[in-house]
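Right, one structure below, let's go through it.
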Amino acid sequence: MKTAFLTGITGQDGAYLAKFLLEKGYRVAGLVPRRSTVDRWRLEYLNIAEEVEYKDGDLLDLSSLVRAIKESKAQEVYHLGAQSFVGSSWEQPILTAHVTGMGVLHVLEAIREVDPGIKMYQASSSELYGLIQEPRQSEETPFYPRSPYAVSKLFGYWMTKNYRESFQMHACNGILFNHESPLRGMEFVTRKVTHAVARIVHKKQQELRLGNIQAKRDWGFAGDYVEAMWLMLQQEVPDDFVIATGKTSTVEEMCRIAFDYVGLNYQDYVVIDPALYRPAEVDVLLGNPEKAKRELGWTPKTKLEQLIHMMVEADLQRVAKMG
Ligand code: NDP
Ligand code: GDP
C-alpha cells in the first residue's frame, strides 16, 4: 500500500485529492496547522474526515515538516498548502511570501532530509503568467507575475525545478489554471457568486458587489484537476505540466450562468464596486493543456456551465439548511 502526505489537506484541493487517493487504495496523511480550532468541513463534506491521518505542523516550521513527513513514511508528497488568495496577498505580502514561497523550500528541504527519493508535487499556478506574454499559455510561455502571491509562487516554481536538477529529486510543478468546486473558499469570485445567488433566492441578500467583471479566467473543476496531480507523480521522468480547460470566460459570463440557473437576470443584482478592483490585475488567462493530454493522457471532463450549476446547487442546499 502506498502512502501519500498532503500539505493543505483541509483546503479545496487537499480534500478532493485525499478522496481520490483513498479510492486508489492509498494511505493518506495530511499536515494540519494548529490553530485554535481545526476546521475539517471539506473532508467531512466528502465523508473522509475519519479516513485521513492528521499530523500537526506548519509550513513555517521546518522541524515540524521533517517530523511529519518522516512519521508518515510517505512515498509521495503533494504540497498544496499556501496562503492561496491573490486579493489577500496585497494585505499580507510578507506572510504570503513566507507561507506560499518559503513554505515550498521548507517542504523540499524536509524531503531532502528525510529521503530525497520521495516524489513531490508542487502546486504552481497560472498566476505566474500574470501579464500574459502569449495569448495561450503553455509550459514554454514566459512568466510575468502580478501580485505578491504570484511572485511567491514563482519562487516555489524555480526552487522545485532547481531541486529536481540539483538533487535529482522527482519534483514536478503542476501549473494549474483556476479550478473551483462547491468546496472553494468563499473569497474567490466563483463561490462568492454562487453563494450570493443562493442567498438572493432565499431572500437573505439583495445585491452582489463585484470588482472587475471583464477579467477572464480558464475555469475548471477541482475534482478533475487532482487526477492530473497524481498522474504527474506516476511518470518515469519528473516534469512540469499546464493543467487547464483551454477555454476562457469573463467573470460577467460566469455570473450570467449562475443567475440564469435560478431564473434571475444577473444585471438586476450585480453592483460594480471600484473598491474591489485589484492594485494590479491579471486581465486574462487561457491555458494550453496539450502537453498534459499528450503525455499524461489527462483531459478535463467538466464544462463551465456544469461546474457553476453544481456550485449553485450545493449553495442552495446549504443556505436552505441554515434556515
Ligand atoms: P485553499 O486555500 O483551499 O487551501 C490552502 C491550504 O493551505 C489549507 O488547508 C490551509 O490550512 C493550508 N495552509 C495555509 N497556511 C498554512 C500554513 N502556514 N501551514 C500549513 N498549512 C497552511 O487552496 P486550494 O486547495 O484552492 O489550492 C491548493 C494549492 O493550489 C494552493 O497552493 C494554491 O495556491 C494552489 N493553486 C490553486 C488554484 C485554484 O484555482 N484553486 C490554482 C493554482 C494553484 P487552513 O485551512 O487551516 O488555513
Ligand atoms: P484568482 O484568479 O486566483 O485571483 O481568483 P479569484 O476568483 O479571486 O479572481 C478571479 C478574477 O475575478 C480576478 O480577475 C478578480 O479581479 C475578479 N473579480 C471581480 N470581482 C471580484 C470579487 O468580488 N472577488 C474576487 N475574489 N475576484 C473578483
Side-chain angles (χ1 to χ4, degrees), residues 6-18 30-43 55-61 64-65 68 78-89 95-96 98-100 102-104 106-107 121-130 146-147 149-150 152-153 156-157 173-181 183-193 196 208-222 225-226 229 243-244 250-252 254-255 270-285 287:
L6 280 55
T7 68
I9 195 159
T10 53
Q12 169 187 261
D13 292 7
Y16 279 106
L17 181 63
L31 186 79
V32 184
R34 185 52 55 187
R35 315 219 199 277
S36 50
T37 50
V38 177
D39 198 346
R40 296 175 190 164
W41 70 272
R42 294 185 172 97
L43 297 156
K55 303 274 180 207
D56 278 7
D58 197 290
L59 291 170
L60 301 179
D61 179 352
S64 73
L65 282 169
Y78 295 86
H79 176 40
L80 309 173
Q83 189 301 94
S84 72
F85 183 45
V86 171
S88 292
S89 78
L95 180 84
T96 303
H98 282 298
V99 176
T100 307
M102 277 298 285
V104 184
H106 287 165
V107 173
Y121 171 84
Q122 161 58 12
S124 284
S125 164
S126 56
E127 289 289 319
L128 294 174
Y129 298 116
R146 291 272 280 175
S147 62
Y149 166 83
S152 306
K153 283 284 182 189
Y157 170 91
N173 282 293
I175 309 172
L176 270 56
F177 283 62
N178 298 51
H179 45 282
E180 320 291 314
S181 74
L183 303 185
R184 186 61 144 150
M186 208 82 92
E187 60 277 29
F188 295 89
V189 76
T190 53
R191 183 75 204 290
K192 181 173 172 180
V193 169
L208 167 60
R209 302 184 85 79
L210 292 174
N212 175 16
I213 61 171
Q214 296 317 317
K216 293 175 105 176
R217 288 291 181 277
D218 179 330
W219 279 295
F221 172 46
Y225 284 32
V226 296
M229 299 176 184
I243 301 299
T250 58
V251 171
E252 185 170 14
M254 182 271 296
C255 280
V270 171
V271 176
I272 302 303
D273 182 348
L276 294 170
Y277 276 68
R278 291 177 171 177
E281 180 61 289
V282 172
D283 293 317
V284 50
L285 291 173

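Order of listing sets the numbers, starting from 1, for every ligand and every atom in it.
Remark: minimum distance from atom 9 (O) of ligand 1 to any protein heavy atom is reached at Thr10 OG1, 2.7 Å. The closest protein non-hydrogen atom to atom 17 (C) of ligand 2 is Asn212 O, 3.8 Å. Here the heavy atom of the protein found nearest to atom 6 (C) of ligand 1 is Gly8 CA, 3.6 Å. The protein heavy atom nearest to atom 12 (O) of ligand 2 is Val251 CG2, 3.4 Å. For atom 21 (N) of ligand 1, the closest heavy atom belonging to the protein is Pro33 CG, 3.6 Å. In this structure, the protein non-hydrogen atom closest to atom 48 (O) of ligand 1 is Arg35 NH2, 2.9 Å. Of all protein heavy atoms, the one lying nearest to atom 5 (O) of ligand 2 is Asn178 ND2, 3.4 Å. Residue, atom and distance of the protein heavy atom nearest to atom 20 (N) of ligand 2 are Gly211 N, 2.8 Å. Scanning all protein heavy atoms for the shortest distance to atom 43 (C) of ligand 1 gives Leu176 O, 3.2 Å. Of the protein's heavy atoms, Asp13 N, 2.8 Å lies nearest to atom 25 (O) of ligand 1. Among all non-hydrogen protein atoms, the one lying nearest atom 19 (N) of ligand 1 is Leu59 N, 3.0 Å. For atom 23 (O) of ligand 2, the closest non-hydrogen atom on the protein side is Lys192 NZ, 2.7 Å. Closest to atom 26 (O) of ligand 1 among all protein heavy atoms lies Arg184 NH1, 3.5 Å. Atom 16 (O) of ligand 2 has as its closest protein heavy atom Glu281 OE2, 2.6 Å.
Looking at Arg217 next to ligand 2, an N or O pair under 3.5 Å apart turns up. Taking any N or O of Ala123, backbone or side chain, none lies under 3.5 Å from an N or O belonging to ligand 1. At least one N or O atom of Gly11, backbone or side chain, sits closer than 3.5 Å to an N or O atom of ligand 1. When only interatomic distances are considered, the shortest N/O to N/O separation between Ser124 and ligand 1 does not fall below 3.5 Å. Residue Arg184 has no nitrogen or oxygen atom sitting less than 3.5 Å from a nitrogen or oxygen atom of ligand 2, judged on distance alone. Residue Ile213 has no N or O atom closer than 3.5 Å to an N or O atom of ligand 2. Residue Leu80 places at least one N or O, backbone or side chain, under 3.5 Å from an N or O of ligand 1. For a threshold of 3.5 Å applied to N or O pairs, the pair formed by Glu187 and ligand 2 contains at least one separation below that value. In terms of polar-atom proximity, defined here as any N/O pair under 3.5 Å, Val189 does make such a contact with ligand 2. Taking any N or O of Asn178, backbone or side chain, none lies under 3.5 Å from an N or O belonging to ligand 1.
In Ser125, the parts holding a heavy atom less than 4.0 Å from any atom of ligand 1 are both the side chain and the backbone. By the criterion of a heavy-atom distance under 4.0 Å, the side chain of Phe85, and not its backbone, is placed next to ligand 2. Using a 4.0 Å cut-off between heavy atoms, Leu285 makes no contact with ligand 2 at all.
Contact atoms of ligand 1 toward Gln12: 3 (O), 25 (O), 26 (O), 41 (N) (distance under 4.0 Å to a heavy atom of the residue). Close approach to Ser84 involves these atoms of ligand 1, each under 4.0 Å from a residue heavy atom: 1 (P), 2 (O), 23 (O), 33 (C), 34 (O). The Val86 neighbourhood of ligand 2 comprises atoms 3 (O), 4 (O), with distances under 4.0 Å to a heavy atom of that residue. Near Asp58, the atoms of ligand 1 lying under 4.0 angstrom from a non-hydrogen atom of the residue are 17 (C), 18 (N), 19 (N).
What you find for Lys153 and Ala82 is that their closest heavy atoms are NZ-CB, 4.1 Å. The shortest non-hydrogen separation linking Met254 to Val193 is CE-CG2, 3.9 Å.
Distances from ligand 1 to the non-hydrogen atoms of Thr7 include no value under 4.0 Å. Using a non-hydrogen distance threshold of 4.0 Å, Glu127 does not register as a contact of ligand 1. For Lys153, the heavy-atom gap to ligand 1 drops under 4.0 angstrom.
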Fill in: Residues Gln12, His179; criterion side-chain contact (heavy atoms from CB on, under 4.5 Å); working and verdict
CA-CA 9 Å; Gln12 169 187 261; His179 45 282; 3.6 Å; yes
Practice prompt. Quick one: do Glu127 and Leu285 satisfy side-chain contact (heavy atoms from CB on, under 4.5 Å)? Show the steps, please.
Written response: CA-CA 8 Å; Glu127 289 289 319; Leu285 291 173; 4.0 Å; yes
Practice prompt. Take Asn173 and Gln122 through the side chain to side chain donor-acceptor pair (under 3.5 Å) test and state the conclusion after the steps.
Written response: CA-CA 5 Å; Asn173 282 293; Gln122 161 58 12; 5.0 Å; no
Discussion item. The test is side-chain contact (heavy atoms from CB on, under 4.5 Å); show your working for Ser88 and Gln83 and say whether it passes.
Written reply: CA-CA 8 Å; Ser88 292; Gln83 189 301 94; 4.0 Å; yes
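Listed by chain and residue number, nothing satisfies the side chain to side chain donor-acceptor pair (under 3.5 Å) test with His106 (two or more places apart in sequence, or in another chain). Residues satisfying the salt bridge (Lys or Arg N to Asp or Glu O under 4.0 Å) test with Arg191, not counting sequence neighbours, are Asp315.
Between the side chain of Lys192 and the backbone N or O of Arg209, at least one donor-acceptor pair lies under 3.5 Å. The main-chain N or O of Leu80 is found under 3.5 Å from a side-chain atom of Thr7 such that the two form a donor-acceptor pair. In this structure, Ser124 contributes its side chain and Ile175 its backbone to no donor-acceptor pair below 3.5 Å.
Distance check, rounded to the nearest 0.5 Å: CG of Leu176 to CG of Leu128 gives 11.0 Å. For the atom pair CD1 of Ile272 and CG of Leu210, the computed distance is 6.0 Å after rounding to the nearest 0.5 Å.
Below 30°, between 30° and 60°, or above 60°: for Phe221 and Tyr16 the angle between ring planes is above 60°, a perpendicular geometry.
Among Ala82, Ser126, Ala244, the residue whose heavy atom lies nearest to atom 13 (N) of ligand 1 is Ala82. Between atom 8 (O) of ligand 2 and the options Arg278, Arg191, Arg209, the minimum heavy-atom separation is to Arg278. Proximity annotation for atom 36 (N) of ligand 1: of Tyr225, Phe177, Tyr149, Tyr149 comes nearest, heavy atoms only.
Looking only at side-chain heavy atoms (C-beta outward), Lys216 and Asp283 stay at 4.5 Å or farther from each other. Taking 4.5 Å as the limit, some side-chain heavy atom of Phe85 sits within range of a side-chain heavy atom of Phe188.
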